[in-house]
Amino acid sequence: MMEGLREFCGMIWKVLSDQPDPKAAFLPLVPEAWRVEVSALLSVLPILMVFPALFALTTVLERKGLGRIQNRPGPNRVGPAGFLQFAADGIKTLTKEDVVPRAADRVLHFIAPLALVVPVFLTFSVLPFGRNLVPLNLDAGLLFFFAVGASTELAIFMAGWASRNKYSLLGALRGIAQMVSYEIPLILSTLSVVMVAGTMSLPAIVDAQAAGSGDLLSRWHVFTPWGFAGFLLFLVAACAEANRAPFDLPEGESEIIAGYYLEYSGFKFALFFLGEYLGLFAACGLGITLFLGGWHAPFRFMEAWVPSYLWFFAKLAGLVAVFIWVRGTLPRVRMDQLMNLAWKFMLPLALINLFAAALWHFLGSTPAGWAITTGLLVVSYWSLGRILMPPGRIGRRVYRYAGEGPA
Amino acid sequence: MSALNLLLGIVVLTGAVAALSLRNLVHCAFASIGAFLGLAGLYLHMGAEFVGLVQILVYVGAVGILFVFAILLTRGGGVEERPLFSTSWLCGVGVAGALALVLLSGLFKGADPSDPAASRPSPTLKQVGQRLMVEDVLALEIMALLLTVASIGAIVIAMPEPSRKEEDPT
Amino acid sequence: MTELQFHLSLSALLFCVGLAGVLIRRNVILALVGIEFMLNAANLNFLAYWRYGSRTVSMDGMMFVVFSIAVAAAEVAVGLALVIALYRRLRTARLDEMQSLKGCTERTDDERS
Amino acid sequence: MLGSGIIKGMVETARNFVGSYIDPARLTTVEYPEERLLPKENARQFPFLLHDGLDPDAGLRCVACQICEKECPPQCILIVKDPVKKPDALGKMQFQPKVFNIDISVCMSCQICVEVCPFDAIKMDTEFELARTDRFGGLLLTKRELTKSNTHFQKIHPIDAAIVDGRLAADKAKAEAKARAAANAAASTPPQNS
């Protein structure tokens with residue numbers, strides 16, 4: 001009994017510490033005929049368990065964080081310090097009545113939440129979560145990510161159209177317009193990484209950012225001029241792709257109530273909510289993989305102490321916190337501002353960034369490379385900003401009744 | 001012929017038939033997207049990773065959305081009350097059926113082409129890129145030009161015409 | 001039936017379904033969908049010959065498909081722009097109602113309904 | 001430069017985030033069931049009846065004059081006079097209500113009953129936690145539920161209570177002085193001939 005327990009603990013430890021193949025500890029125990037299935041299950045189950053759990057935790061932490069930003073305590077009733085709020089919310093949504101409008105297209109109304117959640121789960125399959133921890137090591141991993149991610153737009157349209165509600169349809173059309181527009185800067189900003197790393201396989205891109213033996217700091221792409229600009233572009237575009245504030249027009253509560261999931265309740269609504277957050281996690285994971293060194297620690301010596309996947313999840317938590325922070329800060333943009341930002345500012349800047357990455361490819365990490373790419377990006381950012389928002393057109397806001405208004 | 005291939009083939013054919021025979025245009029669009037997805041699955045199963053993923057990205061992410069938008073812009077969201085098929089539908093089906101008969105009979109009458117490719121070719125993305133960017137670079141450039149012209153042309157065609165009243169002062 | 005024959009017959013059937021759709025459906029958009037199916041059938045043919053043909057090392061079949069998909073995307077963009085422009089002018093998206101080239105610009109009442 | 005406003009805003013929200021942990025004065029939220037604000041002096045919910053002393057029956061100030069019943073705009077007060085007189089706080093014989101009901105589903109909290117009462121017997125309460133699990137329960141308040149001690153009034157409306165208590169004390173002192181004077185003037189005369 002004790003012996004078996006110790007063996008089991010050893011096995012868990014083998015999986016948790018960075019092994020060449022984490023599944024190798026389990027697979028010999030399984031009969032030969034079942035190995036393929038069990039191996040697939042071992043790849044899929046952690047994703048199905050870890051990310052929804054992370055979603056549950058994030059909803060609570062986000063509400064608490066937003067509360068603190070607004071100087072209020074946030075949810076603090078259920079469980080210790082309110083941390084079981086997600087359980088209460090989950091029970092509530094699961095036991096709620098599932099309302100389907102009479103005019104709705106029942107079949108599509110039913111399929112839409114599934115069509116949103118399934119592709120989002122699929123996008124996780126190409127992300128390297130840790131050393132040797134990638135469920136599907138595709139040669140065209142990045143292409144897979146975007147190809148699968150593109151089908152969420154269809155799910156959004158399905159939800160909006162099947163509900164037979166004008167607000168739903170408006171929200172869906174807004175969502176599609178926004179996602180199609182921001183997909184271009186998103187893909188272009190990641191292409192700079194593909195160009196420099198010379199591969200579309202995500203584990204290979206992570207390897208390209210590993211610190212050499214002589215380096216003090218890791219060679220993360222974010223520490224280069226084009227990588228920094230690309231990372232910022234990626235963050236903004238990912239924010240818009242995930243329909244998060246300040247780009248949450250598709251669900252804009254004050255204008256179109258809840259957008260495309262207005263007519264959803266109960267479990268289906270929970271699925272939409274889950275899909276949205278999982279999309280955010282996937283986008284953050286891609287950003288980490290492409291720009292923030294994936295599962296690598298910032299310094300080489302740190303990698304010996306802490307398992308690689310913990311670095312990945314720490315970075316994920318940091319990025320999600322940034323998104324929550326942005327949500328707590330910025331108000332929702334207007335539709336024309338949204339489109340102007342995508343087409344007039346981010347698209348040219350992403351193309352210039354691609355050019356800068358090409359220059360970097362030829363010049364390398366030399367002083368000349370640094371100076372030229374940085375100069376190019378700063379000048380183009382500054383001039384595009386001047387064109388988009390000429391100073392003087394937007395004056396200082398004067399409040400009539402409060403503060404510094406005319407006496 | 002594996003079971004997966006057969007399943008994907010059934011998905012493609014039912015999707016295609018449904019897309020061209022359903023009464024509700026939005027359902028037609030979704031059925032056609034299902035057929036495109038099935039084709040992408042077939043491509044992936046054949047080992048053409050790049051093409052399969054491009055098929056999903058282009059047909060599901062772009063063409064399907066375009067169809068849906070066009071349907072909504074031409075007020076096709078509701079159920080069509082008028083007849084779906086033209087009066088000479090029998091003729092059309094006959095032509096298509098005859099063509100299918102000819103193609104299939106030719107396919108099965110000829111010498112049974114055995115599968116010579118025992119080794120599964122799975123070109124890496126790098127090879128595909130080399131091919132596209134080095135050997136076929138002229139075709140790629142022409143394609144880029146075509147796409148640019150097509151997108152500009154599409155915008156120009158679909159732009160609302162200035163209304164006659166403003167043009168004509170009388 | 002070999003794999004090649006399976007793919008080729010699937011492609012032939014898909015082509016014929018698309019052709020039938022183009023010939024008999026009255027809606028312009030669905031005619032375009034039918035054309036897309038025909039293009040896809042051709043793509044499937046290319047890939048099948050690439051995969052199960054004799055020269056798998058050269059990627060000619062794949063290249064054809066890549067360019068064909070690009071052409072199809074361009075074609076759909078222009079085609080749907082045309083459909084929308086036509087709809088704006090004629091207020092209809094049905095092929096049987098687009099008959100001004102027949103010489104009968106004045107539509108009779110029963111046709112309009 | 002473009003984006004400086006965003007950074008400024010982010011710094012501001014970060015300051016709020018950190019500040020709410022460091023400086024408790026920033027958190028203005030009152031966590032209601034555990035923490036409570038004092039009721040406002042002028043808050044008014046529904047009327048209640050006052051009694052002096054400890055015994056709610058003996059010390060009831062209401063003399064069943066029925067002015068409030070007549071004045072009440074939505075007619076939510078029901079008073080049935082007890083035919084037997086009892087001595088009030090001053091020792092004077094007064095009528096008392098046998099039934100005093102207020103239907104608070106009808107009451108509109110206008111405070112007219114308080115304004116018209118010549119005996120300072122009815123005042124507005126600040127109790128607002130009236131929620132019940134049953135739908136119609138607790139809407140009809142009887143005399144027993146309405147009667148509350150003067151100390152409660154002093155607690156919820158201290159300024160008003162001081163004025164009223166002062167007036168009542170003055171009245172009582174005057175009455176006692178009068179009674180003493182009357183007793184001194186004519187010790188043999190019975191007190192009940194007014």
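Note on naming: letters A, B, ... go to the chains in the order of the sequence lines (proteins, then strands), and numbering restarts at 1 for each one. Keep in mind the model is a prediction, meaning the values are calculated, not measured. No hydrogens, no waters, no symmetry mates; every other heavy atom, side chains included, goes into these values.
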*Asks:* What heavy-atom pair brings L53(B) and A140(A) nearest, and what distance separates the two atoms?
*Replies:* CD1-O, 3.8 Å
*Asks:* Report the C-alpha distance between L173(A) and F69(B) in whole Å, list the side-chain angles of each, state the deciding distance to 0.1 Å, and finish with yes or no for side-chain contact (heavy atoms from CB on, under 4.5 Å).
*Replies:* CA-CA 9 Å; L173(A) 292 186; F69(B) 260 78; 3.8 Å; yes
*Asks:* Considering all heavy atoms of both residues, which atom of D139(A) and which atom of L125(B) are nearest to each other, and what is their separation?
*Replies:* OD2-N, 2.6 Å
*Asks:* So which part of L37(B) gets closer than 4.5 Å to some heavy atom of chain A, the side chain, the backbone, both or neither?
*Replies:* neither
*Asks:* Report which part of I176(A) has an atom under 4.5 Å of a heavy atom belonging to chain B: side chain, backbone, both, or neither.
*Replies:* side chain
*Asks:* Could you please spell out the steps behind the side-chain contact (heavy atoms from CB on, under 4.5 Å) verdict for I65(B) and E153(A)?
*Replies:* CA-CA 8 Å; I65(B) 297 283; E153(A) 290 159 25; 4.0 Å; yes
*Asks:* Kindly compute the distance separating CG (D105(A)) from CZ (F30(B)), expressed to the nearest 0.5 Å.
*Replies:* 9.0 Å
*Asks:* For the residue pair A150(A) and L57(B), what are the closest heavy atoms and their distance?
*Replies:* CB-CD1, 4.1 Å
*Asks:* With a sphere of 6.0 Å drawn around CZ of F146(A), does it hold more than 12 non-hydrogen atoms of other residues, nucleotides or ligands?
*Replies:* yes
*Asks:* A quick test of your reading: do over 12 heavy atoms of other residues, nucleotides or ligands sit less than 6.0 Å from CZ of F121(A)?
*Replies:* yes
*Asks:* Any chance you could measure E49(B), atom CD, to M200(A), atom CE, to the nearest 0.5 Å?
*Replies:* 11.0 Å
*Asks:* With a 4.5 angstrom heavy-atom cut-off, is it the side chain or the backbone of M158(A) that approaches chain B, or both, or neither?
*Replies:* both
*Asks:* For the residue pair V26(B) and F157(A), establish whether any side-chain heavy-atom pair is separated by less than 4.5 Å.
*Replies:* yes
*Asks:* Can you say whether the rings of H27(B) and W161(A) are parallel (under 30°), tilted (30 to 60°) or perpendicular (over 60°)?
*Replies:* perpendicular
*Asks:* Which region of L169(A), side chain (C-beta onward) or backbone (N, CA, C, O), has a non-hydrogen atom less than 4.5 Å from a non-hydrogen atom of chain B, or is it both or neither?
*Replies:* side chain
